[in-house]
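In the text below, chain A, chain B and the rest are named by the order of the sequence lines, each starting its count at 1.
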Number of protein chains: 2
Amino acid sequence: MVAMSQRSAPAKPSATLKDVAKLAGVSTAVVSYVVNGGPKNVSPLSEAKVREAIRMLGYRPNAAARALRSGSAEMLGIVVPDITNPFFASLAHAVEEAAAARGYALTIANSGHSLAVERRLVENLASRRVDGVFLCSIVAEPDLRDLESAEIPAVLLSYTGEESDHCSVGVGLEDGGRLAVEHLIGHGHGDIGLIMGSLVGGVLDGRETGWRAALEDAGLRPGPIMRIPFTREGGYQAGEWFLNATSRPSAVFVSSDLQAVGFLRALHDSGVQVPSDLAVVSFDGSKEAEYSIPRLTTVAQPVEEMALAAVEALLGNGGPQHSRTFPVTLIRRASCGCVSER
Amino acid sequence: MVAMSQRSAPAKPSATLKDVAKLAGVSTAVVSYVVNGGPKNVSPLSEAKVREAIRMLGYRPNAAARALRSGSAEMLGIVVPDITNPFFASLAHAVEEAAAARGYALTIANSGHSLAVERRLVENLASRRVDGVFLCSIVAEPDLRDLESAEIPAVLLSYTGEESDHCSVGVGLEDGGRLAVEHLIGHGHGDIGLIMGSLVGGVLDGRETGWRAALEDAGLRPGPIMRIPFTREGGYQAGEWFLNATSRPSAVFVSSDLQAVGFLRALHDSGVQVPSDLAVVSFDGSKEAEYSIPRLTTVAQPVEEMALAAVEALLGNGGPQHSRTFPVTLIRRASCGCVSER
DNA sequence: TTCGCGAATCTAATCGTATAGATTTGCTCT
DNA sequence: AGAGCAAATCTATACGATTAGATTCGCGAA
């Protein structure tokens with residue numbers, strides 16, 4: 001059975017409120033009241049006529065006009081460095097769900113780890129007059145003036161910087177670093193390296209601080225550090241570098257699951273056994289870590305809760321929002337030696 | 001150094017065209033001409049005054065008003081089943097880049113594999129009067145009436161159905177299935193199973209058709225089939241099932257990299273060696289496949305090209321758009337036996 | 001019968017931008 | 001000098017929805 005026609009509707013170029021009003025034999029005001037459960041009420045008879053007309057015409061309110069008139073587009077925006085990174089994908093997803101639960105749509109945009117692009121995207125969201133912006137910035141002190149001048153609230157999400165006075169939602173990165181390192185120390189490791197994602201602007205990441213602090217507290221010297229991008233490729237390179245190094249630590253803390261996957265790959269390529277030859281703990285708690293070989297012990301971020309909190313901070317009618325830092329938890333699996341494979 | 005003030009601007013609630021015009025001492029029309037490189041030209045003097053005024057006021061055009069007036073929001077929308085799936089994440093990312101290159105923003109929305117949600121999202125995009133929609137539908141014949149009645153062009157992306165008359169961009173799924181199976185046959189396998197993602201509405205996926213056709217052409221009987229969700233968990237379950245089965249095929253074709261990763265995990269857990277005990281070829285060509293252990297031989301989709309073509313189909317001024325099917329390519333790695341690990 | 005009152009409805013202004021058409025300005029050419 | 005003309009600018013309307021304030025209607029009370 002071949003389709004008969006490309007388009008069934010006779011190309012009515014979108015009905016407007018006025019069209020509906022005319023067909024229903026009422027004024028545009030009444031239609032608006034019906035559509036919005038408006039500020040005034042309408043008789044059951046009118047309501048019925050209006051609903052019928054809406055159905056007949058396939059009327060759908062024009063969001064642009066509505067946004068113009070009422071100043072709100074019922075839309076939020078999020079800017080992430082890279083949606084291709086599973087952590088940001090799940091974060092964005094969680095935020096979308098939380099926003100949808102409150103009737104807001106979400107625009108997701110990628111900065112591609114470029115500050116210039118990040119700025120452009122924020123500016124774009126500002127000109128769209130979204131009702132709020134979640135910014136996973138690649139710098140510690142992003143420029144929020146575009147948003148401020150448009151009076152658009154923003155929350156810094158998955159925030160690295162510590163000393164911002166702006167509303168933010170993040171995790172205890174330093175605690176995470178400590179947790180990972182203390183766990184490795186508990187396994188008897190004394191030489192613990194760090195594979196750290198490279199940040200722009202030379203900010204100091206809490207994970208690094210935590211790693212260093214935990215070692216110091218235990219009276220151990222910091223092991224080797226490698227700085228590489230937040231990608232699988234980066235992790236792989238780190239692995240190659242570690243293997244060629246003269247002295248190799250007995251354990252490493254890796255700043256993201258994504259990097260850890262690449263790292264494990266490199267170790268596997270040269271026959272280094274994890275965790276017996278080299279123990280690994282990573283960071284994020286993403287799905288990737290659950291299926292790698294061996295399974296990764298990882299410091300998990302409570303993504304859903306963070307998303308909920310971020311949306312609440314943006315939309316909540318509460319006054320000046322404070323920053324929230326969520327606790328991380330250690331998920332023990334095979335890569336540190338807690339659980340055997342298989 | 002503690003920040004002195006929360007907001008530096010004295011809460012000017014967004015300058016409008018009129019404000020700029022007043023400050024620059026010209027009419028709103030001139031300002032508009034300057035901002036848009038408008039349909040008429042302005043003197044260098046006026047232009048300079050306007051630009052200065054814009055700078056002083058931090059003026060930024062109101063996208064809602066612009067959209068209302070000109071009927072276009074310079075925005076596209078994409079609906080994917082799950083942004084958390086790396087394939088859709090990279091597809092969405094590629095589409096975003098292609099759209100950005102033409103000055104369009106992109107809204108990404110997740111249907112969560114629910115048809116009801118998918119419909120709601122499409123309706124939402126329709127009411128926002130986006131300039132076009134990319135739909136990765138979970139069904140073969142999605143309902144596009146909302147878009148048609150609003151005269152919003154749509155392209156079916158990563159399209160499974162074969163017989164739609166609607167503009168679509170996809171890959172040769174059947175060719176992909178054949179390619180994978182023929183390759184396995186070339187390795188000497190005679191009993192080849194299939195792990196297929198479950199689609200709603202009982203549509204027949206081209207990958208399955210291709211798998212069956214290739215076996216038939218070679219005079220082989222189809223091996224066991226398992227239908228499981230498009231997730232790592234699904235792949236893992238499939239693995240467990242295969243291992244408990246009485247007779248095990250010597251090779252399998254898996255319908256996505258994501259599932260294959262889970263599958264490999266299950267095999268590893270029970271000590272089955274890949275590819276010696278069981279060869280695997282999967283589908284998508286995502287990054288995941290490059291870092292799994294062993295590395296996955298996979299049928300790759302040309303994501304960037306598809307994204308480019310989809311944007312072109314939506315925005316291109318060419319007349320009635322035809323559907324495009326892109327060829328897939330086989331990436332040979334270790335899981336089929338082509339390349340040894342390490 | 002007439003007044004008052006509330007409910008239902010309508011009229012019209014508004015949001016910020018874009019642009020067609022009217023108007024002004026400054027020149028050149030005879 | 002005056003006509004003619006193009007460039008620059010301005011005026012005013014439309015886009016579609018919302019909603020305050022005006023208007024209409026019907027009905028009960030005096």
How many Å lie between [atom1] on [X] and [atom2] on [N], as a whole number?
X	N	atom1	atom2	result
A:Arg129	C:dC15	CZ	P	14 Å
B:Lys22	C:dG16	NZ	P	12 Å
B:Leu68	D:dA17	CG	C1'	8 Å
A:Asp19	D:dC15	CG	C1'	13 Å
A:Arg128	C:dC15	CZ	P	23 Å
A:Asn41	C:dC10	CG	C1'	15 Å
B:Asn62	C:dT14	CG	P	18 Å
B:Lys18	D:dT11	NZ	C1'	13 Å

**OP:** List the steps and the verdict of side chain to side chain contact (heavy atoms under 4.5 Å, CB included) for A:Leu199 and A:Phe230.
**Re:** CA-CA 9 Å; A:Leu199 271 31; A:Phe230 278 106; 3.4 Å; yes
**OP:** Mind grabbing the angle between the end helix axes of the helix from C:dT1-D:dA30 to C:dT30-D:dA1? Five pairs an end, 10° rounding.
**Re:**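 Taking five pairs per end, the axes differ by 60°.
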Original post:
B:Val35 near the nucleic acid: base, sugar-phosphate alone, or nothing, with a heavy-atom cut-off under 4.0 Å?
Top reply: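 If one applies the 4.0 Å heavy-atom cut-off, B:Val35 turns out to touch nothing in the nucleic acid.
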**OP:** Under 4.0 Å between any heavy atoms, over every strand shown, what does B:Ser32 touch: base, sugar-phosphate, or nothing? Just pick one.
**Re:**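 It contacts base atoms.
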**OP:** Step by step, work out the side chain to side chain contact (heavy atoms under 4.5 Å, CB included) result for A:Ile54 and A:Val35.
**Re:** CA-CA 9 Å; A:Ile54 287 177; A:Val35 171; 4.0 Å; yes
**OP:** Would you state whether a donor and an acceptor, one from the side chain of B:Arg66 and one from the base of C:dA18, lie under 3.5 Å apart?
**Re:**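 Checked by distance alone, the answer is no.
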Subject >> Base D:dA17 paired with A:Arg69 side chain (donor-acceptor, <3.5 Å) >> reply: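 By the distance-only test, no, there is no pair.
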Subject >> A:Asp131 side chain vs A:Leu76 backbone, donor-acceptor pair below 3.5 Å >> reply: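 Absent.
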**OP:** Can you sort out which residues in residues 43-55 of chain A have a heavy atom within less than 4.0 Å of DNA chain D? Ascending by number, please.
**Re:**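 Those residues: none at all.
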Subject >> First of B:Ser27 and B:Ser70 reached from the 5' end of DNA chain D, by closest nucleotide >> reply: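 Whichever sits nearer the 5' end wins; that is B:Ser27.
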Got a list of protein N/O to nucleotides 21-28 of chain C N/O distances below 3.5 Å?
unit_1	atom_1	unit_2	atom_2	d
C:dG21	N7	B:Lys40	NZ	3.2
C:dG21	O6	B:Lys40	NZ	2.2

**OP:** For the pair B:Arg66 and B:Asn62, evaluate side-chain hydrogen bond (donor to acceptor under 3.5 Å, both in side chains) and give the outcome as yes or no after the intermediate values.
**Re:** CA-CA 6 Å; B:Arg66 188 182 285 219; B:Asn62 181 319; over 6 Å; no
Original post:
Hey, is A:Glu312 close enough to A:Arg102 for a salt bridge, meaning N to O under 4.0 Å?
Top reply: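 The answer is yes: the pair qualifies as a salt bridge.
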Original post:
Can you pull the side-chain hydrogen bond (donor to acceptor under 3.5 Å, both in side chains) pairs that have at least one residue in residues 104-116 of chain A, sequence neighbours excluded?
Top reply: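 The answer is A:Asn110-B:Glu96.
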Original post:
Any side-chain hydrogen bond (donor to acceptor under 3.5 Å, both in side chains) pairs touching residues 51-60 of chain B, not counting sequence neighbours?
Top reply: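 Non-adjacent pairs meeting side-chain hydrogen bond (donor to acceptor under 3.5 Å, both in side chains): A:Glu123-B:Arg60, A:Asp146-B:Arg60, B:Glu47-B:Arg51, B:Glu52-B:Arg55.
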Original post:
Between D:dC10, D:dA17, C:dC10, which one does the side chain of A:Ala29 approach most closely?
Top reply: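 Looking only at side-chain atoms, A:Ala29 lies closest to C:dC10.
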Subject >> Side chain of B:Ala65 (C-beta onward), nearest among D:dA17, C:dG16, D:dT9 >> reply: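 Among D:dA17, C:dG16, D:dT9, the one nearest the side chain of B:Ala65 is C:dG16.
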**OP:** Determine, step by step, whether A:Phe134 and A:Leu91 satisfy the side chain to side chain contact (heavy atoms under 4.5 Å, CB included) criterion, reporting the C-alpha distance in whole Å, the side-chain angles of both residues, the deciding distance to 0.1 Å, and the verdict.
**Re:** CA-CA 11 Å; A:Phe134 305 97; A:Leu91 184 61; over 6 Å; no
**OP:** Examine the side chains of B:Asn124 and B:Arg128 and answer whether a donor and an acceptor come within less than 3.5 Å of each other.
**Re:**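 Short answer, yes.
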Under 3.5 Å donor-acceptor pairs involving side-chain atoms of residues 81-88 of chain B, not counting sequence neighbours:
unit_1	atom_1	unit_2	atom_2	d
B:Asp82	OD1	B:Thr84	N	2.9
B:Asn85	OD1	B:Phe87	N	2.8

Subject >> A:Val95/A:Leu157 under side chain to side chain contact (heavy atoms under 4.5 Å, CB included): CA gap, chis, key distance, verdict >> reply: CA-CA 10 Å; A:Val95 170; A:Leu157 194 48; 4.0 Å; yes
**OP:** Quickly, which of B:Ser137, B:Ser323, B:Ser158 forms a side chain to side chain donor-acceptor pair (under 3.5 Å) with B:Ser168? Name it, please.
**Re:**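 Only one of B:Ser137, B:Ser323, B:Ser158 forms a side chain to side chain donor-acceptor pair (under 3.5 Å) with B:Ser168, namely B:Ser323.
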Original post:
Within the pair A:Asn36 and D:dA17, is there a side-chain N or O less than 4.0 Å away from OP1 or OP2?
Top reply: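 Answer no for this pair, as no side-chain N or O of A:Asn36 is under 4.0 Å from OP1 or OP2.
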Subject >> Distance below 4.0 Å between A:Thr16 side-chain N/O and D:dG16 OP1 or OP2 >> reply: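 No, no such contact exists.
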